[in-house]
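This report refers to the structure that appears directly beneath it.
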Number of protein chains: 2
Amino acid sequence: MITLKQVATKAGVSYQTVSKVLNRKIQVSEETEKRIMDAVRDSGYRPNQIARNMRAKRSLMIGYSWVQTSPDQVNHILDLFLTSMVREAEAAGYHLLPFPFRAGQAHVDDYRELIDTSRVDGFVLSSVNYNDPRINFLLERRVPFVSFGRSNPELDFPYVDVDGADGLLQAVEHLIANGHRRIAAIAWPDNSRVGNERMRGYFQAMQSAGLKTHPEWIERGEGTYEFGREAAFRLLELPEANHPTAIVTLNDTQAIGALHVARERGLEVGRDVAIVGFDDAPMSQYLQPALTTVRQPISEAGHKCVEILVSLMERNPPQDHQALLKPRLIVRASG
Amino acid sequence: MITLKQVATKAGVSYQTVSKVLNRKIQVSEETEKRIMDAVRDSGYRPNQIARNMRAKRSLMIGYSWVQTSPDQVNHILDLFLTSMVREAEAAGYHLLPFPFRAGQAHVDDYRELIDTSRVDGFVLSSVNYNDPRINFLLERRVPFVSFGRSNPELDFPYVDVDGADGLLQAVEHLIANGHRRIAAIAWPDNSRVGNERMRGYFQAMQSAGLKTHPEWIERGEGTYEFGREAAFRLLELPEANHPTAIVTLNDTQAIGALHVARERGLEVGRDVAIVGFDDAPMSQYLQPALTTVRQPISEAGHKCVEILVSLMERNPPQDHQALLKPRLIVRASG
DNA sequence: AACGTTCGTGCGAACGTTCGCCTACATAGT
DNA sequence: ACTATGTAGGCGAACGTTCGCACGAACGTT
């Protein structure tokens, strides 16, 4: 491992001078500068990052943890999100430190540990919900962080989020434009911040169009295939009069469940009943019929998270520390 | 930030003594030990990891980069693989450092940079193929690494891999047991190490069963939906006499393409023609018919990679530095 | 009583940086 | 000639650890 001292001996100057020249802290004669630069090049010197960090009292690391999805749930998002964060971080001289996410209140400990041992300078949070203990903890400790997803509305902290309400608004407006009037929703339990936000878009679109919503059109449960089936079954069993002609869902997995039930009942999805998903999971395009769904700008979100976080960590004027990104409806054959 | 010195002042000893006591390097009187431990607890002291690493000349970091899959290709593997690596690494006191993967020969530079700036102690490689420049580079530099996937057979280096040959062997044997005799394969170009390995299992199974293989039964091309379609189309157009009754593929995306083509031609997949995928992508179970496919033990692979790497980095006797894990055939309705 | 042994601590140094301050010399202004 | 100003570069210290060595006291041995 090459150090400053070795380069300095080679160049015939003190090692501190080499450091200063490399960091453009001082001006030296053209001749010594050349000697130093040659020595650096010849030896292949690369500054030891650990020593640097020690001196600067920072790690140039960003902590990130995510929930492990159940094996049957797609996490196509992770690849995109991580890659975009890693790219943006690297451009700013940072690296990512992924760590295991533990459920439960105790998992603030992992964050504390990483801070106290000064392994990371800041965090990107994901899978936040109401009353997320991490947010208060990090705010109190004044540790820079950005949350991917919002939490309690009364808390003010830096976040990036996808405008889920707009996603469902687009979906419902699209269905209305296609002539649908009785639109049902397969949603999540109302303790989900993300779920409630998305449903807000549903209600808003229905109301703007002057359409009534019925309680029996709203099915709340898990984001699983099984719940998608159950919910669709109940919806399609409703009496003819207020029987929905279209179903929006909060994720593609639910949508697939609904799609199967519809088909099993002899309905042709896309003609007899419309079904819209959310997420644009990689295989949604290969379903038959291909799934109309809402695609989230995941890469942009990753970029933005790191961009904001970096400016917080470097104590730059924290410009806009909140960003809401618009998703995009991908219209395919299912609705 | 609490340091050793502060704890030491509190306990009335020298800071070096605190360090030694915490690291169990020396024995002190019961009384001072208690004073020190109390001071540690009260102050919430946590050793500064950067200083530690500086002193120990290591980073406790494992570098990892992966190819960004194209948006329409599933990377459900990343979540499982990363999570299992991160867990195992943490148990050994290490963390993961993910970095952007750049294609092309120049990307050894990223590895070099991470080593030279002593940011990582070792690497886990993935997406290796024949003549991977990273392998020779790391071997030469004597940097500890483990590859997930094999490369040229003549090179001896630590790896973990899934036995792809066994995967196809299982698939083909299963088809034969179900009465199939004319089994085609949709494969990858023969410059793919992984693809060739899997095909070896196909040939072996066919041969063991005394079945002939025909060149026109082997379709080689990309692992995409489109190629799956094209290949299946050609296979199903073959004259009645040597027209395959079953198709194995090298990934689920190809399998879905084949499945659609079969259905479009009026065949009932699972009865008229069998189709088997590879990967067990999350949505494969929700296809209609649900896809029979080969599931790889990704979590085990992640664990094993890190386990071997850690023992290499700590210069422990490098026990078994190569591991071949068996995949498992998941039988569903498609074949 | 003088002498090794052990035990409990402290001290100095080192890891590779960066940074503030100092010095030596040259140049310019009076 | 003497002082002010500027410039090139060196020197010491510090960041928070760990580790080797030294040192005093207590103890048992000769």
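Just so we're on the same page: letters track the sequence lines, and every chain starts at 1.
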- Look at all strands and tell whether B/Ser19 reaches a base, only sugar-phosphate, or nothing, counting heavy atoms closer than 4.0 Å. base

- Message: Rounded to whole Å, how long is the line connecting atom CG of B/Leu4 with atom C1' of D/dC15?
- Response: 13 Å

- Query: So, does the side chain of B/Arg55 form a donor-acceptor pair with the base of D/dT18 at under 3.5 Å?
  - Reply: yes

- Name the nucleic acid region contacted by B/Asn23, choosing base, sugar-phosphate or nothing; use a 4.0 angstrom heavy-atom cut-off, strictly under. sugar-phosphate

- Message: Any donor-acceptor pair, under 3.5 Å, between the side chain of B/Lys20 and the base of C/dG8, if you only look at N and O atoms?
- Response: no

- Task: Just say parallel, tilted or perpendicular for the rings of A/Phe145 and A/Phe157, cut-offs at 30° and 60°.
- Result: parallel

- B/Tyr45 has its side chain closest, among D/dT17, C/dC11, D/dA13, to D/dT17

- When the distance from CZ of B/Arg24 to P of D/dT18 is rounded to whole Å, what number comes out? 13 Å

- Message: Between P on C/dA14 and CG on A/Asn48, what's the gap in Å once rounded to a whole number?
- Response: 18 Å

- Looking only at C/dG10, D/dT18, D/dC11, the nucleotide nearest the B/Thr17 side chain is C/dG10

- Item | Nearest-nucleotide comparison on DNA chain D, the residue closer to the 5′ end among A/Val28 and B/Tyr15 | A/Val28

- Interatomic distance where CE belongs to B/Met54 and C1' belongs to C/dA14 [whole Å]: 8 Å

- Would you say the ring centroid of B/His107 lies under 6.0 angstrom from that of B/Phe101? yes

- Message: Among D/dC19, D/dC15, D/dT17, which nucleotide has an atom closest to any side-chain atom of B/Lys25?
- Response: D/dC19

- Measure the distance from NZ on B/Lys5 to P on D/dA13 and round it to the nearest whole Å. 13 Å

- Message: We want to know whether B/Gln322 and B/Asp161 form a side-chain donor-acceptor pair, criterion being a heavy-atom distance below 3.5 angstrom.
- Response: no

- Item | Under-4.0 Å salt bridge between A/Asp116 and A/Arg141 | yes

- G-U wobble or Watson-Crick pairing nucleotide for D/dC21 (cut-off 3.5 Å, both distances): C/dG10

- Message: Within this structure, what is the CZ-OH distance for the pair A/Phe123 and A/Tyr64, rounded to the nearest 0.5 Å?
- Response: 13.5 Å

- Send over the distance from A/Ile50 CD1 to C/dG16 C1', rounded to a whole Å. 10 Å

- Note on the structure: To the nearest angstrom, the NZ-P distance between A/Lys34 and D/dG9 comes to 15 Å

- Query: Which nucleotide sits closest to the side chain of B/Thr32: C/dT9, D/dT17, C/dG16?
  - Reply: C/dT9

- Message: Between P on C/dT17 and CZ on B/Arg119, what's the gap in Å once rounded to a whole number?
- Response: 13 Å

- Query: Using a distance-only test with no angle check, is there a side-chain donor-acceptor pair under 3.5 angstrom linking B/Tyr111 and B/Ser65?
  - Reply: yes

- Message: For a quick check, tell me whether the side chain of B/Gln16 and the base of C/dG12 share a donor-acceptor pair closer than 3.5 Å.
- Response: yes

- Please work out if B/Ile26 contacts a base, only the sugar-phosphate, or nothing of the nucleic acid, heavy-atom cut-off 4.0 Å. base

- So, is B/Lys57 close to the C/dG16 phosphate, meaning a side-chain N or O under 4.0 Å from OP1 or OP2? yes

- Note on the structure: DNA chain D nearest-nucleotide lookup for A/Ala51 and A/Ser29: closer to the 5′ end is A/Ser29

- Item | D/dA13 pairs with, by Watson-Crick or G-U criteria that keep both distances under 3.5 Å | C/dT18

